[in-house]
Number of protein chains: 2
Amino acid sequence: MAVTIKEVAKRANVAPSTVSRVIANSSRISEKTKERVREAMTELGYHPNYNARSLANKSTKTIGIVMPNSAKVSFQNPFFPEVIRGISMKAYQSGYGLYLSTGHTEEEILEEVKQMVFGGRVDGIVLLYSRVNDQVMPFLIEQKFPFVLIGRPYQVDESLVTYVNNDNFKAAKLVTEYLLLLGHEKIGFIGGNLDFVVTIDHMNGYEQALKNANITVNESYKVYHDELKEGGQDAVIELMSNEHPPTALIVADDIMTFGVIRMLEDMNMKVPHDMSIVSFNNVMISELSSPPMTTVDIHIYDLGFKATELLMHQLEDPTIGVEHVIIPHKLVKRQTCKLDHGASRG
Amino acid sequence: MAVTIKEVAKRANVAPSTVSRVIANSSRISEKTKERVREAMTELGYHPNYNARSLANKSTKTIGIVMPNSAKVSFQNPFFPEVIRGISMKAYQSGYGLYLSTGHTEEEILEEVKQMVFGGRVDGIVLLYSRVNDQVMPFLIEQKFPFVLIGRPYQVDESLVTYVNNDNFKAAKLVTEYLLLLGHEKIGFIGGNLDFVVTIDHMNGYEQALKNANITVNESYKVYHDELKEGGQDAVIELMSNEHPPTALIVADDIMTFGVIRMLEDMNMKVPHDMSIVSFNNVMISELSSPPMTTVDIHIYDLGFKATELLMHQLEDPTIGVEHVIIPHKLVKRQTCKLDHGASRG
DNA sequence: CTGAAAGCGCTTACAG
DNA sequence: CTGAAAGCGCTTACAG
């Protein structure tokens with residue numbers, strides 16, 4: 001079937017070990033021999049067997065991508081394809097392949113990660129989420145396996161894990177302050193799944209901003225749903241059932257916002273006239289909502305790219321130690337926010 | 001580091017070959033021994049080394065996913081995450097992992113595919129596209145490597161390749177006829193990249209419907225752009241520059257349609273009042289355009305799932321031969337189409 | 001029903 | 001500068 005190193009060796013009149021060294025471009029082989037071997041390789045159409053190579057030198061040249069819920073669920077939100085775009089770019093540049101987790105439940109995912117680690121399927125992992133009571137991260141730390149987290153560690157010491165994150169607390173505080181400045185005081189918070197650390201950070205930023213403005217937090221203004229359009233729709237129903245419904249909404253995710261806008265429309269409420277909305281993420285299609293949504297660009301692509309870069313650092317130099325990178329966020333003002341009617345301030 | 005078969009063997013007081021047979025659940029091992037070995041495995045936390053296993057029995061238990069443009073580009077369109085959802089689901093059920101292509105150019109991708117095939121990185125491939133002058137498919141055929149195409153072969157004999165596809169010709173004919181019935185005669189066609197076979201099929205279906213209705217095809221009503229929102233926007237500019245612009249549009253892809261709607265809005269044209277639109281794909285967010293778009297549901301998830309199922313057939317039984325599956329399409333009527341003003345028919 | 005041995009295709013000390 | 005040999009962790013005929 002496939003051409004092996006032996007056949008190349010025979011053709012080039014050298015030992016297999018020499019061929020191996022030519023592949024590795026060892027400086028101990030003469031240019032003349034190298035050329036001869038390379039010629040034989042192209043003539044025969046040689047391609048190295050990755051399994052053999054991996055087995056011999058314990059390096060697979062592939063990166064594992066671990067998603068919170070399997071592609072099946074996660075890929076319903078453009079956040080994940082977008083991070084993977086960034087990961088893919090850097091991985092390709094560095095000559096790495098990508099291996100995707102496919103498990104659904106937390107147990108299945110943990111089992112997959114064990115397979116990746118013990119089975120020698122990948123050299124390192126990019127963890128695309130940070131969740132409360134997570135089992136995966138402690139496992140990776142315990143195994144001293146190279147990985148980078150997108151998000152921030154929780155219930156685990158920061159000094160133990162390399163991560164790339166946004167300052168989600170600050171971002172949430174920012175958008176809340178923005179709405180406050182527009183005169184809103186009844187601000188609803190539509191968080192993502194509370195199992196995820198990003199949701200906790202958003203929520204804390206929101207509360208902090210309210211506290212700073214001397215507004216007491218109304219618990220019935222806070223709801224949590226999965227980051228899907230359905231989540232956004234359900235959230236609106238909940239919030240609008242309040243006796244005094246909010247006049248502005250902070251929404252954890254742009255896809256939810258699509259659902260939110262649609263549901264408000266169904267309720268005959270105009271955005272931004274009757275409801276202001278600020279969202280998070282700025283995925284590719286966010287500008288295509290109508291009205292175009294105001295959202296926080298968290299530079300998803302960069303999160304993926306940078307995380308992979310840090311992973312490469314670790315793989316190239318295992319002694320490099322922990323690194324932390326915060327990707328800046330940026331409020332993108334479009335057309336879902338306006339001054340509150342009853343507002344007395346400017 | 002990781003526990004090997006040897007250590008398990010020692011602990012269970014058997015030979016490594018016996019452990020191997022227990023893993024494979026060979027019927028030639030006594031239940032008693034199996035139990036003893038399994039106990040040892042869990043006690044030691046044994047996980048098989050995939051590289052060693054793959055090397056020894058030439059099976060990786062992973063599927064390669066080959067995209068037209070690397071994740072970097074492809075993932076900008078929700079079509080791809082959505083197919084991968086389907087692939088992921090079936091792959092997980094069958095105990096397979098997923099390996100993703102990362103190359104950008106056609107040459108890079110071909111090189112990656114060679115790596116997958118010769119390097120023994122995957123057992124089979126799901127090809128997510130069919131393009132004119134494609135090099136990848138002929139290579140896979142020549143190598144007799146198991147793969148399934150999503151799309152249909154072009155410049156290659158159908159009897160040589162297992163594929164899953166929609167009847168894109170028929171679907172395009174259908175939507176054209178639908179617009180004709182609504183009284184439209186000036187129907188613009190916004191195709192995807194003409195390198196892709198699906199675009200050709202769409203175009204032919206469109207022309208056939210026009211011919212059947214005795215309407216001559218206006219070449220300036222046909223434009224082709226990449227399947228991105230920008231593509232949709234550019235297409236609108238082109239088409240609206242016609243002396244007699246179309247009153248209805250067939251758009252190759254929902255994401256393009258988002259761009260189309262936005263651009264028309266900028267031109268102060270109302271959909272569907274001033275322009276009817278039918279689109280293809282029905283991705284997750286399609287119903288969230290405003291107005292919600294009328295589109296052909298091609299059941300993307302099913303394409304991925306079914307393709308993977310067919311690939312499994314091949315892997316389980318290499319003699320099974322070629323299979324062809326057509327996934328049905330369905331026109332989802334929402335709110336981007338209406339009767340043409342000047343129409344005399346009903 | 002179980003074991004000893006060869007082999008999968010590489011890499012890498014060890015010699016020279 | 002190059003080669004012979006051992007080894008990576010499995011699987012699988014071959015014996016018994």
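All values below were derived from every heavy atom in this structure, side-chain atoms included, with hydrogens, water molecules and symmetry-related copies excluded. Just so it is clear: chains get the letters A, B, ... in the order the sequence lines come, proteins before strands, and each one is counted from 1. Note that the coordinates shown come from a computational prediction; the quantities given were computed from them, not determined experimentally.
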Quiz item: Tell me, for nucleotides 9-16 of chain C in 5' to 3' order, what letter each nucleotide earns: B for a base near a protein heavy atom under 4.0 Å, S for only sugar-phosphate near one, - for neither?
Solution: BBBBBB--
Practice problem: Identify the heavy atoms of P153(A) and E158(A) that sit nearest to each other, and give their distance. | Solution: CG-CA, 4.0 Å
Quiz item: Do E35(B) and R38(B) come within less than 4.5 Å of each other through their side chains, counting heavy atoms only?
Solution: no
Quiz item: Just wondering, do Y96(A) and L315(A) contact through their side chains at under 4.5 Å, heavy atoms?
Solution: yes
Quiz item: K34(A) has an atom NZ; how far is it from atom P of dC1(D), in whole Å?
Solution: 9 Å
Quiz prompt | Within residues 140-156 of chain B or reaching into it, pairs that qualify as side-chain hydrogen bond (donor to acceptor under 3.5 Å, both in side chains) - sequence neighbours excluded | solution = N133(B)-Q155(B), R152(B)-D201(B)
Quiz item: Looking just at side-chain N and O atoms, do N25(A) and K34(A) make a donor-acceptor pair shorter than 3.5 Å?
Solution: yes
Quiz item: Would you call T162(A) and H313(A) a side-chain contact if the rule is heavy atoms closer than 4.5 Å?
Solution: no
Quiz prompt | Rounded distance (Å) that lies between atom C1' of dT2(D) and atom CZ of R36(A) | solution = 11 Å
Exercise. For V136(B) and I109(B), work out which heavy atoms get closest and say how close.
Key: CG2-CG2, 4.3 Å
Practice problem: Anything under 30° is parallel, anything over 60° is perpendicular, the rest tilted; go ahead and classify Y92(B) against H104(A). | Solution: tilted
Quiz item: Nearest-Å distance, CG (D123(A)) to P (dC8(D))?
Solution: 19 Å
Quiz item: Does dC8(D) have OP1 or OP2 sitting under 4.0 Å from an N or O in the side chain of S54(A)?
Solution: no
Exercise. Starting from Watson-Crick (N1-N3 plus N6-O4 or O6-N4) and G-U wobble pairs under 3.5 Å, report the runs of at least three that DNA chain C belongs to.
Key: C:1-3 with D:14-16, C:5-12 with D:5-12, C:14-16 with D:1-3
